[in-house]
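Shown next, in structure tokens, is the structure this report addresses.
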Number of protein chains: 2
Amino acid sequence: MSKSIFYHAGCPVCVSAEQDIISLIGNENVEIVHFGESKSRIREAENYGVTSVPALVTPNGNVLHINYGASMSEVKG
Amino acid sequence: MSKSIFYHAGCPVCVSAEQDIISLIGNENVEIVHFGESKSRIREAENYGVTSVPALVTPNGNVLHINYGASMSEVKG
């Protein structure tokens, strides 16, 4: 993939980090995925190795867990 | 400040995250600080709110703790 993907769940920590990431790497370079709106993407994120949100998956597939909002178990509820 | 600052301590998690951050935001947009070489910067980082490494402080002063390499207590040894 050419873009990074930022996964989040709408928590305050997530929203703050989202704004920082967009500001740092540019809106055009990152796809934002909100699990509350896209539950079907949860499995994809877990396959990348995402264990908590917010998290950024880089174009080469590395996972950067940024601060800590919620675990994936909490996201799945 | 206009640049972000990436603080780390040379741990494997740090080095991996450093490469990702440079790739994402560009070498010219981030100052890299290695506490092993710049112990005098530890207090500065703590004042920003850095509690573990690796961490990125954005130009507006937000702290993004990225994955987890070591606590600041471990860094200070």
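Letters A, B, ... mirror the listed sequences (proteins, then strands); counts begin at 1.
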- Which residues pass the salt bridge (Lys or Arg N to Asp or Glu O under 4.0 Å) test with B/E74, sequence neighbours left out?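 Scan of B/E74 (salt bridge (Lys or Arg N to Asp or Glu O under 4.0 Å), adjacent residues dropped) gives none.
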
Could you see if [X] belongs to whatever hydrophobic cluster contains [Y]? Use Ile, Leu, Val, Met, Phe, Trp, Tyr and a side-chain cutoff under 4.5 Å.
X	Y	value
B/V53	B/I42	yes
A/F6	B/L64	yes
A/I22	B/I21	yes

- Message: Please classify the contact between A/V63 and chain B as side chain, backbone, both or neither, with a heavy-atom cut-off of under 4.5 Å.
- Response: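 Only the backbone of A/V63 comes within 4.5 Å of chain B.
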
- Message: Just so I know, are the side chains of B/T58 and A/S23 near enough to count as touching, which here means a heavy-atom distance under 4.5 Å?
- Response: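 No, side chains not in contact.
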
- B/L24 vs A/V30 side-chain heavy atoms within contact, under 4.5 Å: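 No, side chains not in contact.
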
- For A/S38, which residues count as a side-chain contact (heavy atoms from CB on, under 4.5 Å) partner, sequence neighbours excluded?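 Once residues adjacent in sequence are excluded, the partners of A/S38 under the side-chain contact (heavy atoms from CB on, under 4.5 Å) criterion are A/V33, A/R41.
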
- Task: Using modelled atom types only, decide if a donor and an acceptor are shared between the side chain of A/N60 and the backbone of B/D20 within a distance under 3.5 Å.
- Result: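 Pair absent, no side-chain N/O of A/N60 close to backbone of B/D20.
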
- Message: Please check this pair: side chain of A/N29 against backbone of B/I25, looking for a donor-acceptor N/O pair closer than 3.5 Å.
- Response: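 No; judged by distance alone, with no hydrogens or angles, the pair does not exist.
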
